Amino acid sequence: MKNKMKALSVLALATTLAVAGCSGTQSETPADPGGMTPITVAAVPVADVAPLYLGVEQGFFEDEGLDVTVQNVQGAAAAVPLLLNGEMQFAYGAVIPLISIVASGVPAVYVTGGIARPDSPETDYSAVITAKDSPIVDLESLSGHSVAVNALRGGPHLSVLVALEQAGVDPASVNFVELPMGDGLAAVERGDVDAAYLAEPFTSEARKSGFPVISSPVYETAPEGATSGYFTVQPYLQSNGETVDAFARAIAKSVDYANAHPDEVRAQIAGYTGLDPEAIEEMIIPTFTAELTLPSLEAMIGQLDDQGWLDTVPDAASMVRG
């Protein structure tokens, strides 16, 4: 391994802490004595960030003069205060929650993409599943029933809402229950809920066990383009443009390598998640992308605004590095 890679853990911090200290600029990140620029990247330990780990292993970041430390966090909101105070420089996050974070006043900006919208139901890493003997056979028959999502007003919740609307179902007729995603399958099996939104590795586990899939919500509702990416904050971007450019180039190389080497992607996922390698073999691996497109970002902002989840509507262009 050419670069050091540290797996650290931090407690989730409230997003409100992030707004303090948003003004001003951060100083240029100092290079270490070996001429490398140290950066810390926040990542949620899911399949989406496999290119980051592969890029470190393959030396793509070292080639760009970057000495990378990967730090695990619970989500994008937890990373924001650490980005603003300079403890880390980049973070991985899905577009939907980051839109809400930016709408709250945090100057976050994407510098490169992460994963792309699935190109078919068969390659969708998400699924809404029901019990094996359920009378619910499609989204239309979900009316009057309950569905578990991992967080109310989160990305999965939004995906199901939009999918219901597209199917002509009144979302108000469905009862959403907040439940950790790892508990969704068992909750459906017990009858605690009628359906559940799952993502990998739980999607493949459900399919393999014979649970019916009534929707592939990310494929059905996400616009074409990246659904996640790596972001920083404006103060760091303004003072460290060359480092940001180097990071984006390294991610682009890492994404190309990951898409061409799925077996190495699975091996990396096994390493940083601790999941059973057999389960990882069954997983649907997302398509990775370094591209960011304004139309897809604008569409997702519109979806959130349509649901009334935004107090202010952020400008999509301000969320993407120019």
Side-chain angles (χ1 to χ4, degrees), residues 8-29 39-44 46 48-49 52 70-115 150-158 225-241 243-245 247-248 251 292-294 296-322:
L8 309 173
S9 62
V10 297
L11 296 175
L13 301 175
T15 304
T16 51
L17 295 177
V19 180
C22 281
S23 61
T25 60
Q26 296 182 8
S27 60
E28 185 78 23
T29 302
I39 60 169
T40 300
V41 184
V44 180
V46 292
D48 308 14
V49 297
L52 173 64
V70 179
Q71 181 164 318
N72 288 344
V73 296
Q74 293 181 1
V80 167
L82 305 178
L83 290 169
L84 287 166
N85 68 20
E87 290 185 49
M88 60 179 55
Q89 289 69 49
F90 301 95
Y92 176 83
V95 171
I96 293 299
L98 196 69
I99 291 170
S100 297
I101 289 170
V102 172
S104 74
V106 175
V109 55
Y110 277 114
V111 299
T112 185
I115 63 172
N150 67 320
L152 298 177
R153 292 201 170 195
H157 187 189
L158 179 67
T227 60
S228 67
Y230 294 86
F231 65 96
T232 187
V233 288
Q234 285 288 357
Y236 184 81
L237 175 61
Q238 291 165 7
S239 299
N240 298 272
T243 301
V244 172
D245 288 343
F247 178 80
I251 288 290
L292 291 166
T293 61
L294 279 180
S296 63
L297 183 55
E298 289 168 345
M300 285 184 270
I301 290 173
Q303 289 177 341
L304 281 167
D305 191 35
D306 289 344
Q307 298 299 328
W309 290 2
L310 297 175
D311 293 330
T312 61
V313 180
D315 173 33
S318 72
M319 291 183 60
V320 178
R321 177 181 63 124

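Owing to the predicted nature of the structure, the values given are computational and were not obtained by experimental measurement. Throughout, residue positions are numbered sequentially from 1 according to the sequence presented.
- Residues Met300 and Ile96 form a side-chain contact, since some pair of their non-hydrogen atoms from C-beta on lies under 4.5 Å apart.
- Taking the side-chain contact (heavy atoms from CB on, under 4.5 Å) definition, one finds that Ala43 meets it with Val49, Leu52, Val70, sequence neighbours left out.
- For Ser100, the side-chain contact (heavy atoms from CB on, under 4.5 Å) partners are Leu304, Leu310, not counting sequence neighbours.
- Listed by first and then second residue, the salt bridge (charged side-chain N to carboxylate O under 4.0 Å, His left out) pairs involving residues 304-320 amount to none (not counting sequence neighbours).
- Considering every non-hydrogen atom in both Pro107 and Pro235, the closest pair reads CG-CD, 4.2 Å.
- Considering every non-hydrogen atom in both Ile301 and Pro314, the closest pair reads CD1-O, 3.6 Å.
- Only one option out of Val41, Val111, Thr112 pairs with Ile251 in a side chain to side chain contact (heavy atoms under 4.5 Å, CB included); it is Thr112.
- Closest approach of Asp48 and Tyr230 over heavy atoms only: O-OH, 4.4 Å.
- Between Ile99 and Leu297 the shortest side-chain heavy-atom distance falls below 4.5 Å.
- The two residues Val73 and Ala78 have their closest heavy-atom pair at CB-CB, 4.3 Å.
- The OG1 atom of Thr293 lies 9.0 Å from the CD atom of Glu298; values are rounded to the nearest 0.5 Å.
- By the ring-ring contact (aromatic ring centres under 6.0 Å, His included) test, Phe90 pairs with Tyr236, Phe247, sequence neighbours left out.
- The OG1 atom of Thr243 lies 8.5 Å from the CD atom of Gln89; values are rounded to the nearest 0.5 Å.
- Taking CG of Leu82 as the start and OG1 of Thr40 as the end, the distance is 9.5 Å to the nearest 0.5 Å.
- Between Met319 and Val109 there is no side-chain heavy-atom pair separated by less than 4.5 Å.
- Considering only residues two or more places apart in sequence or on other chains, Arg321 meets the side-chain hydrogen bond (donor to acceptor under 3.5 Å, both in side chains) condition with Asp245.
- Listed by first then second residue, pairs satisfying ring pair (Phe, Tyr, Trp, His ring centres under 6.0 Å) with a partner in residues 296-322 read His157-Trp309, not counting sequence neighbours.
- Contact record, Thr312 with Ala103: OG1-O, 2.8 Å, taken as the closest heavy-atom pair.
- Closest approach of Leu83 and Ala91 over heavy atoms only: CD1-CB, 4.1 Å.
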